[in-house]
2 protein chains.
Amino acid sequence: MVSSGNNYNIQFMLYSKSAEYAIQAMIHLSEFQTDKPTMISSIAKSYDIPYQFLAKIVQTLVKRRLIIAKRGRNGGINLGRDAKDIYLHEIIDAVDGPPPEKDICAIGLDYCSDDAPCPLHHKWKPIRKNIREMLSSENLEELAHRVIEKRELMNK
Amino acid sequence: MVSSGNNYNIQFMLYSKSAEYAIQAMIHLSEFQTDKPTMISSIAKSYDIPYQFLAKIVQTLVKRRLIIAKRGRNGGINLGRDAKDIYLHEIIDAVDGPPPEKDICAIGLDYCSDDAPCPLHHKWKPIRKNIREMLSSENLEELAHRVIEKRELMNK
DNA sequence: GAATAACAAGACCATTTTATCTTTTTATAA
DNA sequence: TTATAAAAAGATAAAATGGTCTTGTTATTC
Ligand code: FES
Ligand code: FES
């Protein structure tokens, strides 16, 4: 996006669109968790996610055991384990791939290191740590509770 | 990147590759600022940026007056104004486009707002503020000084 | 056991981002 | 004033990401 310069979504992107959809779907599963599985199509509809695209994403979550799928009539998907044992970063890593082994420098000067810090290093490093903590500390159960609260707040 | 899930660069992306190149080039200009203009090709070589691609990016920086270009033999580019009056976010906005008017929710649930916060809101909002402050508080002159320090550190 | 309803999977398509190729314009130097 | 060296510009291509279509597979219900 060089010449017309109009990208509104790239700034401060924490994960891909695919991962975003994955998170939304997982929160939905956690929110409406029952014994009966939920249809992918109904989740897609709730969050305005293209159905086929979400189905693809779900496939990779199934492979990573974050979701259990049941085929056939009355089939659908459920969480792979208890909602309070699933953390955001697991979902992101499953969809976007694992984080790089060496940290990436904020302004792309080789790798990030304390020994040869780039000009942003001392400010960026703690921020990056905060982001990681945010994504590692929240389990799905809590997230779902707060989404429910949000809904109640909006509907009263 | 859904099925093979292997994206190593997307996590915590602050700006596009184009913007990253732009920042590197601007820091370089600031670092080696003289009366004589610097050739785009020499900057491209220093930072391993594809020359033609950087040339395109420079064109938009010229339009935004962040860079002044001089054509013809012995031509090249220079900073559009004093290095200490150029801030990182200007470069990013010029290349990636301006930030969205409404903040974007970290997990894509409508827009971000204090009234209907998503589960990540209370953690994400201050982080986002920190990032913005980081990008708004650093001017090119300081950045260049610290790059020079880094180089000295590595070469002694 | 046939019809149906769900996920699985692979091929395909679209858009955006990144990169390259080619030609044009401009200024300098000889 | 001609050759040269630089940026400007436009067309094109490649790669990554996001999205769609079609067919297969599996389980349920009747
Ligand atoms: S060295 Fe650049 S962010 Fe750490
Ligand atoms: S509402 Fe989601 S980040 Fe603010």
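Chain A is the first sequence line, chain B the second, and so forth, proteins listed ahead of strands; every chain is numbered from 1.
Residues A:R146 and A:E149 are not paired through a salt bridge, judged by the lack of any N-O separation under 4.0 Å between the basic side chain and the carboxylate. The pair B:E90-B:R65 does not meet the salt-bridge criterion, since no charged nitrogen lies less than 4.0 angstrom from a carboxylate oxygen.
Put simply, the side chain of B:R132 never gets that close to the backbone of B:S136: no donor and acceptor are under 3.5 Å apart. Between the side chain of A:N139 and the main chain of A:E142, a donor-acceptor pair closer than 3.5 Å is present.
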TODO: Mark up nucleotides 19-28 of chain D, 5' to 3', with B wherever a protein heavy atom is under 4.0 angstrom from a base atom, S wherever such an atom reaches only the sugar-phosphate, and - elsewhere.
DONE: BBBB--BBBB
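Positionally, the nearest nucleotide of DNA chain C for A:A69 lies more toward the 5' end than for the other of B:A19 and A:A69.
Pairs of residues two or more places apart, or lying in two chains, that qualify as side-chain hydrogen bond (donor to acceptor under 3.5 Å, both in side chains) and include a residue from residues 106-128 of chain B are A:S137-B:K123, A:E138-B:K123, B:D103-B:R128, B:D114-B:H121, B:D114-B:K125.
Distance CE (A:M13) to P (C:dT16): 14 Å, rounded to an integer number of Å. Separating the CE atom of B:M39 from the P atom of D:dA5 is a distance of 10 Å, rounded to the nearest angstrom. Atom-to-atom, CG of B:D96 to P of C:dT16 comes out at 15 Å; the value is rounded to the nearest Å. For A:L29 and C:dC7, the CG to C1' distance is 14 Å, given to the nearest whole Å. Here the P atom of nucleotide C:dT20 and the CD1 atom of B:I49 are 12 Å apart, to the nearest Å.
Within the structure, a side-chain polar atom (N or O) of A:S18 is placed less than 4.0 Å from OP1 or OP2 of D:dG18. OP1 or OP2 of C:dA6 has not a single side-chain nitrogen or oxygen of A:S41 nearer than 4.0 Å. Taking 4.0 angstrom as the limit, A:Q59 places a side-chain polar atom (N or O) nearer than this to OP1 or OP2 of C:dA9.
Among the atoms of the strands shown, none is found under 4.0 Å from any heavy atom of B:A55.
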- [ ] Verify side-chain contact (heavy atoms from CB on, under 4.5 Å) between A:Y21 and A:Y47, making sure each step is shown before the conclusion.
- [x] CA-CA 8 Å; A:Y21 290 158; A:Y47 289 86; over 6 Å; no
